There are 2 protein chains.
Amino acid sequence: MEQEYESGLLESAVTELSRLPGVGRKTALRLALHLLRQDKSVGTALGESLINLCNGIKYCSECHNISEDELCPICANPMRDHRTVCVVESVKDVMAIENTRQYQGVYHVLGGLISPIDGVGPDQLQIDSLVERVKNGGNVDEVIIALSATMEGETTGFYIFRRLGETDVKVTQLARGVAVGNDLEYTDEITLGRSLTGRTLFSDSI
Amino acid sequence: MEQEYESGLLESAVTELSRLPGVGRKTALRLALHLLRQDKSVGTALGESLINLCNGIKYCSECHNISEDELCPICANPMRDHRTVCVVESVKDVMAIENTRQYQGVYHVLGGLISPIDGVGPDQLQIDSLVERVKNGGNVDEVIIALSATMEGETTGFYIFRRLGETDVKVTQLARGVAVGNDLEYTDEITLGRSLTGRTLFSDSI
């Protein structure tokens, strides 16, 4: 591509910034000029933090969560329940579940969902390592499938369920139902149907 | 502030990214995790380009445009008409005018507009240096005020016009009128009024 700006430094910063998701060349230019208006330290601190991030972050060898060490802080924590493994799509889902403060087990980050349209098959995901973890370790009692309630999430969940069929681990999944705060009138039929079939004892919630 | 993420590297990347305009902590996290999913080289190239940008870009000593050298490529170009100086708010305006390919003169970048609400007075802008440039150089024939048609732009333009009154330079401003492609019916009265008083000879446009 032809160079757009006189300055090669600006050109390369705009090009690199525009690789970020949701950032086009116009936004990238705005960000670069914003950094130039600030003290030099703002931009260099940002640059250094990104370099450190990309060089310093590894993936936990056990659960594939991001980590600065061989094991992530969750897997390395002896206080967590290592017999319960929660299967999630991404690092963000680990953060979301951790924020509930309701889960004491460990995780397994797949790194995506099966999606034939996007060309993502089971081999690109951490599914084999999950099966290995359940089979060989032998000390996993329950695998909780905590994937999105989308077609990809359900497909991936079902695939994992089948793969784990060879083992005698208990496989559960997140409850599907009416989201807290949602109006019954505006809840779609599938959700409503599943919230009916999956109804729970009233006394369990009080 | 309390640290939000287990990883200090992630925490610092998110904090630095969220200093960018329009980027909150949620977006910053999304960007950081996106970089982690890419090859390591993407993030480090971005980081290095930002560091190089902030360390390498100077401001032209003549027109205050961004530059990698003492003089920007426009001021250093002997083919440009150095007797015509176009006064603009920002570096982006220089780019916009350069893109028209209609202007052969040089620029003077103010670095902002007078705005009492934002606490920006004439002293924070490159106005004194403009007056100096016109007065001392003695080889400027025309100053074109090319500022936004907003209250701040008009105020700043008028202030500059008054300051340049001490000199015998010709001061002009961008034509105000109906924007090309705009419907007359939906053009506001002030613009329409100014396009009438500033009407040009039809023969000049053909």
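Everything numeric here is computed off the predicted structure, so don't read it as measured data. Lettering follows sequence order; numbering is per chain, from 1.
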(message) Please give me the minimum heavy-atom distance between B:Leu20 and A:Leu31, naming the atom from each residue.
(response) CB-CD2, 4.1 Å

(message) Can you give me the closest heavy-atom contact between B:Ile66 and A:Leu10, atom names plus distance?
(response) CD1-CD2, 3.6 Å

(message) Quick check on B:Ile74 against chain A: is it the side chain, the backbone, both or neither that has a heavy atom closer than 4.5 Å?
(response) neither

(request) Output the distance between atom CG (B:Leu46) and atom CG (A:Leu53), rounded to the nearest 0.5 Å. (result) 10.5 Å

(message) For chain B, which candidate among A:Ser41, A:Gly22, A:Gly56, A:Gly47 shows the most heavy-atom pairs at distances under 4.5 Å?
(response) A:Gly47

(message) Looking at B:Glu189, I'd like to know if its CD atom is crowded, meaning that more than 12 non-hydrogen atoms belonging to other residues, nucleotides or ligands lie closer than 6.0 Å.
(response) no

(request) Would you name the heavy atoms of A:Lys92 and B:Leu33 that are closest together and state the gap between them? (result) CG-CD1, 3.4 Å

(request) Hey, could you give me the CG/CG distance between A:Leu36 and B:Leu50, rounded to the nearest 0.5 Å? (result) 9.5 Å

(request) Give, as side chain, backbone, both or neither, the part of A:Asn55 having an atom under 4.5 angstrom from any heavy atom of chain B. (result) both

(message) Below 4.5 Å, heavy-atom pairs only: which of B:Ser90, B:Gly111, B:Cys54 has the largest tally toward chain A?
(response) B:Cys54

(request) Calculate, to the nearest 0.5 Å, the distance between atoms CG and NZ belonging to B:Leu9 and A:Lys58 respectively. (result) 9.5 Å

(request) Tell me, for B:Asp39 versus chain A, whether the close heavy atoms (under 4.5 Å) come from the side chain, the backbone, both or neither. (result) neither

(message) Please classify the contact of B:Pro73 with chain A as side chain, backbone, both or neither, using a heavy-atom distance under 4.5 Å.
(response) side chain

(message) Looking at every non-hydrogen atom in both residues, tell me the closest pair between A:Glu16 and B:Val42 and how far apart they are.
(response) OE1-O, 4.2 Å

(message) Which heavy atom of A:His34 sits nearest to which heavy atom of B:Arg19, and what is that distance?
(response) NE2-O, 3.8 Å

(request) Identify the two heavy atoms, one from B:Ser49 and one from A:Ala13, that lie closest to each other, and give their separation to 0.1 Å. (result) OG-CA, 3.6 Å

(request) Answer with side chain, backbone, both or neither: which region of B:Arg37 has an atom nearer than 4.5 Å to a non-hydrogen atom of chain A? (result) backbone

(message) Is B:Glu68 close to chain A through its backbone or its side chain, or both, or neither, when contacts mean heavy atoms under 4.5 Å?
(response) side chain

(message) If I measure from the heavy atoms of chain A, does B:Ile57 come under 4.5 Å with its side chain, its backbone, both, or neither?
(response) both

(message) Are more than 12 heavy atoms, taken from residues, nucleotides or ligands other than B:Asp168, located less than 6.0 Å from that residue's CG atom?
(response) no

(message) Surrounding CD of B:Glu70 (heavy atoms of other residues, nucleotides or ligands, distance under 6.0 Å), is the total greater than 12?
(response) no

